Protein chains: 2
Amino acid sequence: MDAVRPDMPTPPGRKPRRPAPARQPLTQDLIVETAVRVLDTEGLDAVTMRRVAQELGTGPASLYAHVSGKDELRELMLDRVAAEIRLPEPDPARWQEQLKELATEIRRVWTAHRDIAKVSMGGIPTGPHLLAVAEVQLELMRAGGVPPRIAGLAVDTLGMFIDADAIEDTIYTARTPPGEDPWEYFRGHFEEITAYFRALPADRFPNIVGMVDELTSPSGDERFQFGLDILVRGIASYVAPRDGD
Amino acid sequence: MDAVRPDMPTPPGRKPRRPAPARQPLTQDLIVETAVRVLDTEGLDAVTMRRVAQELGTGPASLYAHVSGKDELRELMLDRVAAEIRLPEPDPARWQEQLKELATEIRRVWTAHRDIAKVSMGGIPTGPHLLAVAEVQLELMRAGGVPPRIAGLAVDTLGMFIDADAIEDTIYTARTPPGEDPWEYFRGHFEEITAYFRALPADRFPNIVGMVDELTSPSGDERFQFGLDILVRGIASYVAPRDGD
DNA sequence: CGCGGCGTAGAACGGTGTTCGTAACGAACG
DNA sequence: CGTTCGTTACGAACACCGTTCTACGCCGCG
């Protein structure tokens with residue numbers, strides 16, 4: 001061992017290789033937790049291997065011992081966030097309300113973590129927490145009498161809708177550059193778009209110019225509840241095949 | 001002009017700066033067309049400034065004289081692709097069918113150009129062709145008696161649904177690496193996923209393991225028509241407010 | 001013929017994901 | 001206790017990316 005006596009000065013050319021190795025040991029959980037923190041504060045684009053490593057006081061190469069790459073890190077982040085989704089105790093009498101409540105809950109978690117929905121969109125759920133959500137959705141629908149095939153399709157469709165809505169939401173809100181008032185920034189963009197729509201040639205786009213206010217209404221909640229209501233009503237229409245469509 | 005006499009050898013250090021400047025002049029249309037060609041053959045990730053420039057036999061800097069950056073190029077690509085969407089002549093009696101047909105047509109074009117839907121998702125349509133599509137959608141619904149507010153929301157919701165479905169589709173099909181049989185590649189991934197679902201603990205995920213076949217059915221068309229049917233039925237339920245829900 | 005403007009593009013800057021090879025560590029073992 | 005060995009950490013490097021700076025060559029105009 002080349003332990004240097006404490007009273008001796010360090011010989012020239014002998015640099016302390018690791019100034020403070022007393023960090024807590026790198027784990028996958030720690031990496032994912034750090035990545036989610038970066039996601040929340042700086043957005044998905046800022047979640048780079050280098051940025052996460054820097055946050056942990058190390059280099060990017062160190063992460064690859066615990067995570068196979070950026071794609072896996074993103075999936076792990078998604079599942080960690082999905083753990084925050086509060087799942088309902090199924091009550092067959094209220095399955096439609098519960099399905100809507102669960103969708104709203106997912107949306108709440110998704111939008112709370114900025115653009116995590118971009119990771120969810122276009123990926124097959126594999127993480128345990130994500131699977132638990134799908135399991136409850138299936139359970140709710142099956143208990144409500146929805147046929148298996150319809151329930152399977154509906155899980156896909158519902159997931160697509162929730163992800164898409166959350167993504168659409170972030171383009172209005174979370175795109176604001178750091179250090180700027182989100183609302184003010186949003187107002188600016190918003191008015192720019194309405195002005196553009198209003199300036200369109202009215203002979204070619206009569207409906208668009210005539211419905212500017214309806215089209216650019218910023219109320220994402222209303223749009224979400226609208227689509228959700230339609231979807232659940234449509235799913236429910238399949239419970240009794242002889243009920244008539 | 002430093003034209004060298006043909007019988008003279010080129011002096012040392014005097015390299016022909018431009019070997020073949022006889023290219024057709026760079027235009028925005030040419031750049032966008034080339035970018036779409038790269039998109040079709042190699043996917044959206046391969047559409048880089050450098051790759052497009054290389055395809056045109058030039059350097060990346062040359063593109064910036066005709067396109068403000070990558071974001072604008074992607075929007076231009078989207079609108080160019082949107083030009084391929086065949087728009088129907090509105091027939092108020094068939095507005096629901098026409099709305100579904102138009103959605104299916106958009107999906108056809110989207111999936112024909114791999115993951116162009118990723119550009120559409122999470123962006124406000126501004127290009128002329130994209131606006132024309134929205135205009136027709138509004139026209140169809142308004143002629144069918146859909147209230148303005150509902151029609152505005154429905155355009156958003158429909159667009160989200162179509163984009164999300166097209167994106168979901170690409171993760172099954174277009175992710176195949178170049179030079180490999182897409183179907184074979186898809187089969188491999190597909191069976192891997194079903195095997196994973198089947199291996200799940202049946203006590204925690206009884207519905208998922210019990211419905212593997214319904215969940216992983218590769219028929220994207222069926223899922224699309226299912227969601228589309230539900231959405232249009234929901235929209236139509238708003239035409240006569242006193243009709244009862 | 002001279003010249004100015006503009007499209008072109010080489011080089012470079014700062015960033016990215018990922019890999020390589022080496023250095024340090026802890027535990028097991030003689 | 002000394003050595004060895006497998007594991008982990010990480011600086012450096014590679015091949016890319018989007019974008020900008022700047023010089024250069026060509027064309028049309030005066």
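In what follows, every chain begins at residue 1, and chains take the letters A, B, ... in the order their sequences are listed. Just so it is clear, the values below take in all heavy atoms, side chains as well, and ignore hydrogens, waters and symmetry mates. The model shown is predicted, which means the values in this text are computed figures rather than measured ones.
One interatomic measurement links the two molecules: CD of A/Gln54 to C1' of D/dG11, which rounds to 16 Å at whole-angstrom precision. The nearest whole Å value for the distance from the CD atom in B/Glu42 to the P atom in D/dC17 is 11 Å. In this structure, the CD1 atom of B/Ile31 is 13 Å from the C1' atom of C/dA9, given to the nearest Å. Taking atom OH on A/Tyr64 and atom P on C/dC20, their separation rounds to 12 Å, with Å as the unit. The CG atom of B/Leu63 sits 11 Å away from the P atom of D/dT19 (whole-angstrom rounding). Rounded to whole angstrom, the span from the CD atom of A/Glu55 across to the P atom of D/dC10 amounts to 15 Å. The CE atom of B/Met49 sits 16 Å away from the C1' atom of C/dA9 (whole-angstrom rounding).
Look at B/Arg198 and B/Asp213 and you find a salt bridge, because one of the NZ, NE, NH1 or NH2 atoms lies within 4.0 Å of a carboxylate O, short of that distance. Checked for salt-bridge contact, B/Asp169 and B/Arg223 meet the test: a charged N lies under 4.0 Å from a carboxylate O.
The phosphate of D/dC10 (OP1 or OP2) has a side-chain N or O of A/Thr58 nearer than 4.0 angstrom. Contact check, A/Ser62 against D/dC10: a side-chain N or O comes under 4.0 Å of OP1 or OP2.
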(request) Go through the steps to decide whether A/Glu84 and A/Arg108 satisfy the test salt bridge (Lys or Arg N to Asp or Glu O under 4.0 Å), and finish with yes or no. (result) CA-CA 10 Å; A/Glu84 300 176 14; A/Arg108 180 189 69 80; 6.0 Å; no

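By the neighbour-count criterion of 12 heavy atoms within 6.0 Å, atom CZ of A/Arg37 is densely surrounded, having more than that number from other residues, nucleotides or ligands.
Two rings, from B/Phe161 and B/Phe224, have their centers less than 6.0 Å apart.
Comparing C/dT16, D/dC17, D/dC21 by their nearest atom to the side chain of A/Thr48 picks out C/dT16.
The side chain to side chain contact (heavy atoms under 4.5 Å, CB included) with B/Met77 is formed by just one residue from the set B/Val47, B/Val119, B/Ile31; it is B/Val47.
Checked by distance alone, A/Arg50 brings no side-chain donor or acceptor within 3.5 Å of a matching partner on the base of C/dG15.
Among residues two or more places apart in sequence or in another chain, the side-chain hydrogen bond (donor to acceptor under 3.5 Å, both in side chains) test is passed with A/His66 by none.
Taken residue by residue, residues 65-75 of chain B places heavy atoms nearer than 4.0 Å to DNA chain C at B/His66.
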